[in-house]
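Below you'll find the structure, written out as structure tokens, and then a few comments.
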Amino acid sequence: MIKPSIPKGTRDFGPVIVRKRNYIFNTIRQVFELYGFQPLETPAMENLSTLTGKYGEEGDKLMFKVLDNGDIFEAAGKAANNKELVAAISEKALRYDLTIPFARYVVMNQNDLALPFKRYQMQPVWRADKPQKGRYREFYQCDADVVGSNSLVNEVELLLIYDAVFTNLGLAGVELRVNNRKILSGLAEVIGKQELLTDITISIDKLDKIGAEGVRKELSDRGLSDTDINTIEKFLTIGGTNEEKLNQLADLLQSSATGLKGIEELKFVLNSGLTAFNNEPIIDVTLARGLNYYTGMIVEVKAPATVKMGSIGGGGRYDDLTGLFGLKGISGVGISFGVDRIYDVLEELNLFPETAQQSTKVLFLNLGEANAAAAFKHLQGLRAKGIAAEIYPDASKMDKQMKYANKRGIPFVAIIGESELSENNVSIKNLATGQQEKVAADAVAHYNF
RNA sequence: GUGGUUGUAGCUCAGUUGGUUAGAGCAUCAGAUUGUGGUUCUGAGGGUCGGGGGUUCGAGACCCCUCAUCCACCCCA
């Protein structure tokens with residue numbers, strides 16, 4: 001006998017969990033649709049050539065490659081090294097994220113798409129990472145992106161989507177943190193070390209984790225002078241209200257045109273006057289985000305301070321994403337929801353509504369052929385009214401059927417035994433209260449389950 | 001890729017300095033109960049102690065290898 005198991009870093013989602021996950025997916029989807037985003041699905045596999053090189057060296061390593069069919073033995077023999085071997089025996093790989101397939105789609109369909117194109121996509125992606133807490137080899141991403149528009153109105157709309165989704169999920173106290181890559185570029189410019197921009201952002205991004213001292217040390221290791229580090233430290237300690245932060249930034253970055261542009265952009269996004277937020281976005285100058293293709297606004301959503309959880313969503317503007325596939329000059333901006341983490345937060349704060357956890361409302365007990373036949377009429381009547389109802393398929397002992405209802409979490413049991421059959425009524429028992437009442441047969445469809 | 005943790009029943013875990021037939025709770029099944037679940041009582045089934053090798057009169061325990069697991073780092077969602 002083989003001991004059943006699933007691959008490392010993958011998960012089964014049982015009925016209870018799928019329901020709760022769907023509640024999150026549905027809430028997000030509903031908001032995406034309300035804001036005019038259109039659904040897109042792309043294949044689980046992409047051509048290896050579409051994906052390689054798009055996520056850096058690390059990404060290529062973490063990509064799941066799909067073995068070619070047929071005789072790979074012969075092809076493998078001709079390979080001289082690992083890289084050639086992979087090329088010889090694999091031409092497809094599992095989707096690594098949703099953004100690159102989206103870019104590929106836009107380029108392939110550029111003649112048919114009405115730009116700006118607003119799409120959302122909720123599908124699993126795969127990474128051959130070493131699994132650990134909150135980190136899996138198969139996980140879902142929920143992205144919404146706009147391509148083909150430089151307007152900052154898109155940034156505002158995407159922030160509103162975050163605001164709406166978390167409001168609809170009943171998750172109060174989330175923090176929408178925003179920054180702008182141009183501000184970080186401006187900082188590097190002011191220091192005169194533009195070539196170290198990536199190193200600077202990577203270090204700054206770790207401030208929460210390793211503290212000011214840690215950042216200092218890392219910056220120094222990456223080749224920055226004490227004067228540079230002092231400037232960066234001054235930058236990192238910028239505080240106060242959004243307006244005060246913007247003023248301090250303007251002061252610090254006055255010699256950088258790029259930096260000032262970033263400040264202008266942030267100002268617009270925050271004070272567009274277009275609308276009001278439930279969760280007002282907060283400027284966080286230390287926000288950097290790892291991906292270095294971002295070029296404008298960047299955003300990250302932090303879970304309420306009461307739960308120990310990092311980011312539950314993030315995104316930003318990137319220029320020229322489709323340039324990789326030969327379509328230049330198309331700018332995009334997008335956001336992403338971390339569904340697994342949102343799930344954990346809702347679970348911890350007990351925020352899943354009852355309706356997200358219930359399936360069948362009524363179970364009709366099966367007490368023999370004639371009784372079951374009577375039950376069937378009620379079943380169809382209830383289903384027509386949108387009430388989930390089912391009958392226990394076997395005429396088992398009553399107590400077994402009751403136990404089944406209990407275990408399934410079905411709130412009501414309907415009993416049609418000999419006496420009910422002759423009296424033309426149904427006994428309906430509420431399993432939560434233990435109370436039971438007889439309801440006339442023709443009134444069952446109107447019963448308040 | 002680096003460092004560490006833990007592998008014993010379906011699940012969560014006990015198991016003393018190495019010593020007879022490896023235990024508990026939960027879960028499962030049956031009965032108490034031929035029309036009433038969630039509470040209670042009685043009983044039953046269920047384990048090659050992750051796998052392989054070694055030390056020993058004797059290994060679940062000690063040693064080596066290996067596999068799996070979870071956690072941290074790197075990186076990321």
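Just so we're on the same page: letters track the sequence lines, and every chain starts at 1. Only heavy atoms go into these numbers, but all of them, side chains included; no hydrogens, no water, no symmetry mates. Note that the structure is a prediction, hence the values are computed from the model and not measured.
One interatomic measurement links the two molecules: CE of A:Met63 to P of B:C75, which rounds to 19 Å at whole-angstrom precision. As a whole-Å value, the separation of A:Arg222 CZ from B:C74 P is 10 Å. If you measure from atom CD of A:Gln401 to atom C1' of B:G38, you get 16 Å, rounded to the nearest angstrom. Between the C1' atom of B:U34 and the CE atom of A:Met402 lies a distance of 16 Å, rounded to the nearest Å. Computed from coordinates, the A:Lys407 NZ to B:C11 P distance equals 15 Å when rounded to whole Å. Per the geometry, CG belonging to A:Asp399 stands 9 Å off P belonging to B:U34, to the nearest Å. Across the protein-nucleic acid pair, A:Arg137 atom CZ and B:A77 atom C1' stand 15 Å apart, rounded to whole Å. For the pair A:Asp60 CG and B:C75 P, the computed distance is 17 Å after rounding to whole Å.
Base contact: A:Tyr136 has a heavy atom under 4.0 Å from a base atom. The residue A:Glu300 sits apart from the nucleic acid: no heavy atom pair falls under 4.0 Å. Using a 4.0 Å heavy-atom distance criterion, A:Gly313 is classed as making no nucleic acid contact. Using a 4.0 Å heavy-atom criterion, one finds that A:Gly59 contacts no nucleic acid atom at all. Within 4.0 Å of A:Leu365, counting heavy atoms only, lies no atom of the nucleic acid at all. Within the 4.0 angstrom heavy-atom criterion, base atoms lie near A:Gly417. As judged by a 4.0 angstrom heavy-atom cut-off over every strand, A:Ser311 is placed among residues making no nucleic acid contact.
Ring orientation note: the planes of A:Phe364 and A:His378 are close to parallel, at an angle under 30° on the 30°/60° scale. Between A:Phe166 and A:Phe337, the two ring planes are tilted [angle within 30° to 60°].
No salt bridge links A:Arg317 with A:Glu265; every basic N to acidic carboxylate O contact stays at or beyond 4.0 Å. Using a 4.0 Å cut-off between a side-chain N of Lys or Arg and a carboxylate O of Asp or Glu, A:Arg11 and A:Asp340 qualify as a salt bridge. Between A:Asp145 and A:Arg119 a salt bridge is recorded (basic side-chain N to carboxylate O distance below 4.0 Å).
Counting only heavy atoms from C-beta on, A:Glu58 has its side chain closest to B:C75 among B:G38, B:C75, B:G35. Of the candidates B:G35, B:C75, B:A72, the closest approach to any side-chain atom of A:Ile202 belongs to B:C75. For A:Arg127, the side-chain atoms get nearest to B:C76 when compared with the rest of B:G37, B:C76, B:U36. Distances were taken from every side-chain heavy atom of A:Glu418 (C-beta onward) to each of B:G35, B:A77, B:G31; the shortest belongs to B:G35.
The separation of B:G7 from B:G51, taken at their C1' atoms, amounts to 11 Å, rounded to a whole angstrom. When the P atom is used for both B:G60 and B:A68, the distance is 24 Å, rounded to whole Å. To the nearest whole angstrom, the two C1' atoms, one in B:G46 and one in B:C67, are 25 Å apart. Rounded to a whole angstrom, the distance from the C1' atom of B:C13 to that of B:U17 is 23 Å. The separation of B:G18 from B:C75, taken at their P atoms, amounts to 45 Å, rounded to a whole angstrom. Taking atom C1' in both B:U21 and B:G15, the straight-line distance is 15 Å, to the nearest Å. To the nearest whole angstrom, the two P atoms, one in B:A22 and one in B:C26, are 22 Å apart. Taking the P atom of each, B:U33 and B:U69 are spaced 49 Å apart, rounded to whole Å.
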Please walk me through it: do A:Arg21 and A:Tyr140 pass side chain to side chain contact (heavy atoms under 4.5 Å, CB included)?
CA-CA 11 Å; A:Arg21 285 172 66 89; A:Tyr140 279 74; 3.3 Å; yes

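In this structure, A:Leu431 and A:Lys397 both approach RNA chain B, and ranking their closest nucleotides by distance from the 5' end singles out A:Lys397. For the pair A:Lys403 and A:Leu62, nearest-nucleotide mapping onto RNA chain B gives the more 5' position to A:Lys403.
Residue A:Lys206 has a polar side-chain atom (N or O) positioned under 4.0 Å from OP1 or OP2 of B:C75. OP1 or OP2 of B:G3 has not a single side-chain nitrogen or oxygen of A:Lys130 nearer than 4.0 Å. Residue A:Gln132 places none of its side-chain N or O atoms closer than 4.0 Å to OP1 or OP2 of B:C70. A:Lys8 has a side-chain polar atom (N or O) that falls below the 4.0 Å cut-off from OP1 or OP2 of B:U69.
Annotation: A:Gln435, atom CD; neighbour count of heavy atoms from other residues, nucleotides and ligands within 6.0 Å does not exceed 12.
In a base pair of the Watson-Crick type (N1 to N3 plus N6-O4 or O6-N4) or a G-U wobble (N1-O2 and O6-N3), with each distance short of 3.5 Å, B:U16 is matched with no nucleotide.
A cation-pi arrangement, defined by a distance under 6.0 Å to the six-membered ring centre and an angle within 45 degrees of its axis, is absent between A:Lys361 and A:Phe449.
Residue-to-nucleotide contacts include no donor-acceptor pair under 3.5 Å from the side chain of A:Asn406 to the base of B:G38.
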